[in-house]
Amino acid sequence: METITDIRQMQQWADATRSRGQRIGFVPTMGYLHAGHLNLVRAARSHSDAVVASIFVNPLQFGTNEDLERYPRDVRRDTAMLLDVGTDVLFLPEAAGVYPPGFQTTVTVERVTRGLCGAARPTHFAGVTTIVAKLFHMVKPHVAVFGCKDFQQLVAIRTMVTDLNLDIEIVGAPIVREADGLAMSSRNAYLSATERQAARSLSKALAAAQALVEHGEVDGLRILAAARRVIADESLARLEYATLADPDTLEEVDAVRRPTLLALAAHFGRTRLIDNCILSRESTARTGWRKSPDSQLSTAN
Ligand code: AMP
């Protein structure tokens, strides 16, 4: 595995790889990797000849009172994990090159970034789409893989790619979870033991909602009430939102008559976590859900 830190060198590698007729697959991350990230690398491999994974903790997507400074970092461990899973290039751009003095250009996707996480984090998605657009110009991928864990981010990036006519295929990969259902996240490292227990309420809330839908419930208020109740039962959990939305437009809906996004954000102490699933009347065999909230959950979204 080659490690590249220089942006110009990354572009030259991309040009040389493309001129050999090889497809470039790309997985952008902020590091402190876990099995969810590695699954994205595997997915990228299956769509390409050479895989680039980037690690860049992007200051532009953190709000002023957010966790930029304490965001976990361990490049040595990440490097070993990426090597192990068969990554061709680890791209570690330096912040000074990414945001040089005088930088004043951003990419903003409007409607799909307003609700859900965008309501509490109004500048976050412009930071994400800007860095992803920039990384796309550095790595020049044919295909890029993003996790459904950050569902709104995936929709924002798909929208950017369509709206700006970018010639890049976007692949969404399913959420990878811990054995007890908690969606893997670099931020899980912040959780105390009791917060970690309480954080299980997120996936339990999704499972409760999915169980209701499978029993024929379509009313959005009742489905959301069931999800909220599970989280309210955890004294350490503070719900930020529980929202039902159309998975393509992210517009809120009040009934589940077709596959519908249920997205959650909650705070556990100082740590903000998100989770989501696609609710569907189809049985678990189709959606990928298992009945028990304690079993390994995976979504087909
Ligand atoms: P991050 O490093 O958290 O910015 O995430 C980098 C990429 O990994 C994004 O596309 C995320 O959606 C994806 N990702 C993070 N956690 C998971 C997970 N548990 N399952 C699948 N993808 C994930």
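Read the numbers this way: they start at 1 and go in the same order the structure lists the ligands and their atoms.
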Under 3.5 Å, which donor-acceptor pairs link side chains of residues 95-107 to any protein atom two or more places apart or in another chain?
residue	atom	partner	partner atom	Å
Tyr99	OH	Asn58	OD1	2.5
Gln104	NE2	Gly102	O	3.4

Counterpart residues, salt bridge (charged side-chain N to carboxylate O under 4.0 Å, His left out), relative to Asp88 (two or more places apart)
Arg45

May I have all residue pairs that pass side chain to side chain donor-acceptor pair (under 3.5 Å) and include part of residues 156-171, sequence neighbours excluded?
Arg23-Glu169

I'd like to know if the side chain of Ser192 and the backbone of Glu195 have a donor-acceptor N/O pair within less than 3.5 Å.
yes

Students should find this: residues with any non-hydrogen atom under 4.0 Å from ligand 1. What is the answer?
Pro28, Thr29, Met30, His34, Gly36, His37, Leu40, Tyr71, Phe146, Gly147, Lys149, Asp150, Gln153, Pro174, Ile175, Val176, Met184

At what distance, to the nearest 0.5 angstrom, does OG1 of Thr17 lie from NE2 of His142?
9.5 Å

Near Arg70 CZ, under 6.0 Å, is it more than 12 heavy atoms from other residues, nucleotides or ligands?
yes

